[in-house]
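Counting from 1, the numbers follow the sequence of the chain as shown. For ligands, and for the atoms within them, numbers begin at 1 and follow the listed sequence.
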Amino acid sequence: MTGWKVPATKPYFSEEDIGFITEKFKDILRGNSFLTMHKYAAEFESKFAAYIGTKFAVGCNSGTSALEMICRALKISGKEVILPSNTFVASANAVLNAGAIPVFADCGDDLCLDAADVGKRITSKTAAIMTVHIGGIVSNGTLQLQRLCRERGIHFIEDAAQAHGSSLNGIKAGAFGVASGFSFFSTKVMTTGEGGMVATDNAGLASEMKSLREFGKVPTGIYINYYRAMGYNWRMPEVAALMGLRQLQSLDVFVKRRQEIAKIYDEELYGNSDIVIVHPPNPKSHNYFKYMVILPNHDRADVHKALVADGIQPSGYVYELPLHRQPVFPEHNGLSLPKTEYVCARHLCLPIFYGMTDEQAHYVASSLKRILEGSK
Ligand SMILES: Cc1ncc(COP(=O)(O)O)c(C=O)c1O
C-alpha cells in the first residue's frame with residue numbers, strides 16, 4: 001500500500017482502538033481467556049445483530065463461509081439459486097459448495113440484480129434468490145426481490161459482504177432477507193483482517209449455523225463430539241472479534257467520511273459527458289464501499305493504466321469479468337447477460353477510504369478528467 005499518491009484503500013484503527021485490542025489480546029495470550037470463539041466473539045455477535053436490527057448474528061471466519069452456512073442451513077441442496085453474474089466468485093461458490101445450482105441473472109444500471117430479469121428465471125426448482133449489494137448499494141430492486149420471494153414462497157438471501165452500514169428506507173442492509181452474509185476482509189468498510197457474520201431473525205437457522213461452523217456438532221448429554229450434519233471449522237478467533245468490536249463502534253463515522261469523499265467526487269465529476277456516476281438510491285444511506293463510474297467513451301484499460309501512472313491505485317472492480325464468462329464456470333459461458341457484460345467492461349472504481357484527504361479526492365478527480373480529455 002506504500003508508494004501510491006492515493007492507495008485504493010486503507011484500514012483505520014485509532015490509537016485508542018490499538019490500545020484496547022492489544023491489551024485484551026495480551027490478556028488472552030497470558031492464558032486468562034480462550035483464544036477462539038469465546039466471550040469477545042459472543043459480544044461482537046450480539047452488538048452486530050443489534051446494529052443491523054436482527055435478532056441473531058452468527059460469527060465465522062469469512063464472508064464466504066457466512067454465505068455457505070446460510071445455504072447449508074436452508075437445506076437447498078439440489079435446488080436452484082438465482083444470483084447476479086456481476087458478483088465476487090464467493091457468492092456462487094457458496095451456492096455450489098452447499099450442493100445447490102447457481103442460475104445467473106442480469107443487473108440494472110445500478111449494477112445490482114435486476115428483479116425483472118430474475119422473475120423470468122424462476123422455475124419450480126428455484127429455492128432462493130441471493131441478491132448482492134454490490135459496491136454497498138442497497139438498490140430499490142431489493143424491495144421488489146423481497147416481494148417476489150414472499151409471493152413465490154422462496155428464500156431471500158442477502159450477500160451483504162460489501163454493505164456494512166448501508167440502508168434503504170431506514171432498514172439496514174442485512175435485515176431484508178431470511179439471512180444475510182457479511183465479510184470483514186481487509187478491504188471492507190469495517191474489517192477484522194479475515195472474518196464474517198450472518199445476520200438473521202430466524203432462531204432455528206441461527207442455531208443450525210452455530211452447529212455447522214463447528215463441524216456440525218450438537219452437544220448431547222455428556223457428549224461434546226456428537227455430529228448431526230457435515231460441518232466445517234468456520235470459527236472466528238477472539239483477536240478478530242476484538243478488532244470487529246472496535247470497527248463496529250466506528251462504522252457510522254467511517255461511513256460518514258466516505259460519504260464526504262463521494263460528495264467531492266460527485267461535485268467534480270457530475271455533468272462530465274465521458275463519465276456516468278453510479279448513484280445509490282440515497283447517498284446519505286450508502287456506505288460507499290465503492291465509488292463507481294462508467295466510462296462509455298473510453299477504453300477502460302487505458303484509463304486504468306494512466307491513473308496508475310499518476311500514482312493512483314484504482315480500487316478493485318466490482319467486477320471486471322462477470323461470473324458467467326469465467327473459465328471456472330464453462331457451462332455458463334454461452335449465457336448472454338447484456339447489461340452485466342456492458343457495466344463489467346466499462347466501469348471503474350475510484351479510491352475511497354476513511355483516512356483519505358479532501359486533497360487526494362480532488363487529485364483523483366482532476367487526474368481522471370485530464371486523462372479522459374487527453375485521450376479523445
Ligand atoms: C460480494 C462478496 N461476496 C462474498 C465475499 C466473500 O467474503 P470473504 O472474502 O470474507 O470470504 C466478498 C468479499 O470478498 C464479496 O465482496
Side-chain angles (χ1 to χ4, degrees), residues 8-9 11 41 44 48 57-72 81-98 100 102 104-105 107 110-113 128-139 142 145 157-166 173-174 176-177 179-199 209 212-213 232-237 240-241 243-244 247 278 286-292 315-324 326 328-329 340 343-344 347 349 352-353:
T9 177
F44 184 30
F48 194 78
V58 181
C60 55
N61 61 1
S62 74
T64 310
S65 38
L67 294 171
E68 188 175 334
M69 283 199 309
I70 296 171
C71 292
R72 282 183 179 266
V81 178
I82 305 174
L83 76 164
S85 176
N86 181 28
T87 182
F88 186 54
V89 71
S91 320
N93 288 352
V95 171
L96 281 161
N97 289 335
F104 294 119
C107 66
D110 55 8
L111 278 68
C112 296
L113 197 53
I129 293 171
M130 180 190 283
T131 197
V132 181
H133 304 305
I134 209 81
I137 292 185
V138 186
S139 75
T142 309
L145 291 166
I157 302 170
E158 291 174 77
D159 178 341
Q162 306 183 351
H164 330 68
S166 288
F176 290 90
S180 56
F182 289 85
S183 163
F184 304 124
F185 179 59
S186 308
T187 57
K188 299 296 193 271
V189 175
M190 61 172 284
T191 180
T192 63
E194 299 282 1
M197 189 84 80
V198 173
M209 288 187 279
L212 287 172
R213 77 176 166 194
Y232 287 82
N233 175 357
W234 281 326
R235 288 179 296 235
M236 173 179 274
M243 285 190 267
Q247 292 271 288
V278 180
H286 180 31
N287 74 354
Y288 283 101
F289 171 58
K290 296 284 178 182
Y291 187 94
M292 304 175 282
S315 161
Y317 296 97
V318 284
Y319 282 84
E320 59 270 61
L321 188 63
L323 295 187
H324 71 284
Q326 295 282 356
V328 69
F329 300 127
T340 299
V343 296
C344 286
H347 83 280
C349 297
I352 190 159
F353 52 92

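- The aromatic rings of Phe184 and Phe44 sit tilted relative to each other, their planes meeting at an angle between 30° and 60°.
- At a 4.0 Å heavy-atom cut-off, ligand 1 does not touch Val318 at all.
- For atom 1 (C) of ligand 1, the closest non-hydrogen atom on the protein side is Asp159 OD2, 3.4 Å.
- Distances between N or O atoms of Leu67 and those of ligand 1 include no value under 3.5 Å.
- Within the 4.5 Å cutoff, the side chain of Val89 has no heavy atoms near those of the Gln326 side chain.
- Within ligand 1, counting atoms from 1 as listed, the ones closer than 4.0 Å to a heavy atom of Ser91 are 3 (N).
- Scanning the protein for heavy atoms near atom 5 (C) of ligand 1, the closest one is Phe88 CD2, 3.6 Å.
- One N or O on the side chain of Ser85 and one on the backbone of His324 form a donor-acceptor pair closer than 3.5 Å.
- Counting atoms of ligand 1 from 1 in the listed order, those under 4.0 Å from a heavy atom of Ser62 are 10 (O), 11 (O).
- Listed by number with element, the atoms of ligand 1 under 4.0 Å from a non-hydrogen atom of Lys188 are 12 (C), 13 (C), 14 (O), 16 (O).
- A 4.5 Å side-chain heavy-atom check between Asn93 and Phe88 finds every atom pair outside the cut-off.
- Side-chain contact between Ser315 and Ile352 is absent, with no heavy atoms from C-beta onward closer than 4.5 Å.
- Phe329 and Phe104 have tilted rings, their planes meeting at an angle from 30° to 60° on a 0 to 90° scale.
- The closest side-chain heavy-atom distance from Val278 to Ile137 is below 4.5 Å.
- Among protein heavy atoms, the minimum distance from atom 6 (C) of ligand 1 is reached at Thr64 OG1, 3.5 Å.
- Considering backbone and side-chain N/O of Ser183, one or more are found under 3.5 Å from N/O of ligand 1.
- Remark: ligand 1 and Tyr319 share an N or O pair separated by less than 3.5 Å (distance only, no angle test).
- Side chain of Thr142 to backbone of Ser139: a donor-acceptor contact under 3.5 angstrom is found.
- For atom 16 (O) of ligand 1, the nearest non-hydrogen atom of the protein is Gln162 NE2, 2.9 Å.
- Counting atoms of ligand 1 from 1 in the listed order, those under 4.0 Å from a heavy atom of Val132 are 1 (C).
- Under the 30°/60° scheme for interplanar angles, the aromatic rings of Tyr317 and His347 are found to stand perpendicular.
- For atom 15 (C) of ligand 1, the nearest non-hydrogen atom of the protein is Ala161 CB, 3.5 Å.
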